[in-house]
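Below: the structure, in structure tokens.
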Amino acid sequence: MTQHDPISPDNKPGHHTAVVGLQWGDEGKGKIVDLLTAQHDVIVRYNGGANAGHTVVVDDQKYALHLIPSGILYPDKMCVIANGVVVDPQVLIEEIEALRARGVEVGDNLYISDRAHVVMPYHKEHDAALERVLSSKAFGDDGDHSIGTTRRGIGPAYADKVHRSTAIRVGDLLDTDHLHGILRVICTIRTAELAALGVEAPPLNADDLCQRYAAFGRRLRPHITDSTYLLHQCLADGRWILFEGANACLLDIDHGTYPYVTSSNCSALGIPPGTGLPGRHVELVLGTMKAYTSRVGEGPFPTEQDNPIGERIRSRGQEYGTTTNRPRRCGWLDLVAVRYSAMICGATGLACMLLDVLSGFDEVKLCTHYRLPDGTLTDRFIPDAWRLGKVEAVYDTLPGWTEEIDEATDRSALPGNARRYLDRIEAFVGIPIEIISVGPERTQTVVSV
Ligand code: GDP
Ligand code: IMO
Ligand code: MG
């Protein structure tokens, strides 16, 4: 381990760090957060909700985390679900219980913001019903207009946050009368909206919902706090903070492939509003990327390989959704997209994940430009689904490597063609690759500084 080793617990960086996805999600953020937790004190989720599925593998034990920060496996670290997250209390309680059943301590090491918004059952129904209507080909163009959401109620919950008068925050669960008052309004409005979307169900009942969600509030009460003051106190106490991005930059509501995005700012730009910490505290940003590209759900994907190449990547990379188990769409690495995301996120380093999946290809391709419909080339990303859907990926083709690399421990010991592939990525993006991942286990990690 060198002096600059970014993952050694003996080598505290003296920095606050963000881990963010640079593609369309599932880049391996959970693994990286787990690794970096060793040298930070507080691990914070700032966006998204249970649409995220972050996998951590330790000694053959696999943990899939949806709402709880991936630092939870270290009992002496503080984990915080900050105000920018939308929390489904039922999923959270199940996650806490499942971790405890496996011997993971979840107690006064977990805090939840009283200002995080609550995902309610009618949000999930609305999400699913809207997707059903959008995919019903009922709009005269025979098209499927759905987003391919996780149906976890994320969009409707964030929409309520913006609507204000129909929203519930975690702190509201702690006062039954107050909660009942909000729910009376919501139930009337939502029942009508769900009916308009074709949901055949009895009217929403404020008494029942209030009883259930007040009970969740009582159950979560020991964890609920003003996370903004808590995090500022952590800063004042000199504790190092690790921000765990959920979803990914190309799914960012402002900077992603709109409208095929999620409903939060999941780039590093979401950290200040999602936590209440000024942006200058985000010192290091580790942009996490796969050595290729994957995407779940609908939306443009210029380097998609809907052919045996994509199938080989899916099968070697076990590319099935951690949250929904949907097969992920797979394709070559899109450097135009990664460089754009690194720019938006202010990435200071890259973690290149799942490099082992590319072993055995005769040649590997890197997308360096897009060809526009008029034939011109651009090396700029296009964060607009309808325009990005019309480009053609232009590639650099590099020779592949046959050797399996899942036991590699040193960048210099990787096959020459794998090293050249990594060198090309670094040169194009203009940011160093600090971590190379060659398998899901903590130990299958090559520190490359
Ligand atoms: P996240 O959402 O960004 O945390 O990523 P996911 O957990 O949804 O998906 C990443 C998947 O790849 C998980 O199943 C990980 O266990 C696995 N994984 C992470 N790094 C590597 C790697 O270097 N090689 C392989 N083969 N699998 C990896
Ligand atoms: P992690 O944190 C991959 C995608 C969904 C869908 C779109 C909108 O595990 O990387 P939503 O339910 O958020 O309204 O869905 O965003 N999506 C993800 N894809 N990984 C994720 O999270 C995702 N979170 C949302 O598939 O296309
Ligand atoms: Mg995931």
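Counting starts at 1 for both ligands and their atoms, following the listed order.
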Legend entry - Gly53 heavy atom under 4.0 Å from ligand 2: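 Right, Gly53 reaches ligand 2.
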What atoms of ligand 2 come closer than 4.0 angstrom to any heavy atom of Gly148?
->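 The atoms of ligand 2 under 4.0 Å from a heavy atom of Gly148 are 5 (C), 6 (C), 26 (O), 27 (O).
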- Item | Proximity to ligand 1 by part of Asp356, non-hydrogen separation under 4.0 Å |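 Just the side chain.
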Practice item. Answer yes when Lys77 and Glu244 have at least one side-chain N-carboxylate O distance shorter than 4.0 Å, and no when they do not. Key: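 Judged by the 4.0 Å cut-off on N to carboxylate O distance, Lys77 and Glu244 do not form a salt bridge.
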As a check for students: among [options], identify the option with a heavy atom nearest to [atom].
atom: atom 20 (N) of ligand 1; options: Gly25, Ser437, Gly28; value: Ser437
atom: atom 12 (O) of ligand 1; options: Thr55, Leu354, Val438; value: Leu354
atom: atom 6 (P) of ligand 1; options: Ser70, Gly53, Ala64; value: Gly53

Is ligand 2 under 4.0 Å from a heavy atom in the side chain of [X], in the backbone, in both, or in neither?
X: Tyr260; value: neither
X: His54; value: side chain
X: Leu251; value: side chain
X: Lys29; value: side chain

Within the 3.5 Å criterion, strictly below it, is a donor on Gln90 or Asp88 matched to an acceptor on the partner's side chain?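 The criterion, which ignores hydrogens and geometry beyond distance, is not satisfied for Asp88 and Gln90.
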Would you say the side chain of Lys31 lies within less than 4.5 Å of the side chain of Asp34, judging by non-hydrogen atoms?
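The answer is no, as the side chains (C-beta and beyond) never meet within the 4.5 Å cut-off.
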*asked:* What protein heavy atom lies closest to atom 11 (C) of ligand 1? Include the residue and the distance to one decimal.
replied: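 Its nearest protein heavy-atom neighbour is Arg328 NH1, 4.5 Å.
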query = Got the closest protein heavy atom to atom 10 (C) of ligand 1, with its distance?
reply =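 Looking only at protein heavy atoms, the one closest to atom 10 (C) of ligand 1 is Asp26 O, 3.7 Å.
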Problem - Heteroatom proximity flag, Glu298 to ligand 2, N/O under 3.5 Å - result: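 Glu298 vs ligand 2: no N/O contact under 3.5 Å.
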_Number of protein N, O or S atoms [distance to the Mg ion (ligand 3) under 2.8 Å]_ =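 With waters ignored, the protein N/O/S count below 2.8 Å is 2.
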With a cut-off of 6.0 Å (strictly less than), are more than 12 heavy atoms of other residues, nucleotides or ligands near CZ of Phe216?
->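 For Phe216, atom CZ is crowded (more than 12 foreign heavy atoms under 6.0 Å).
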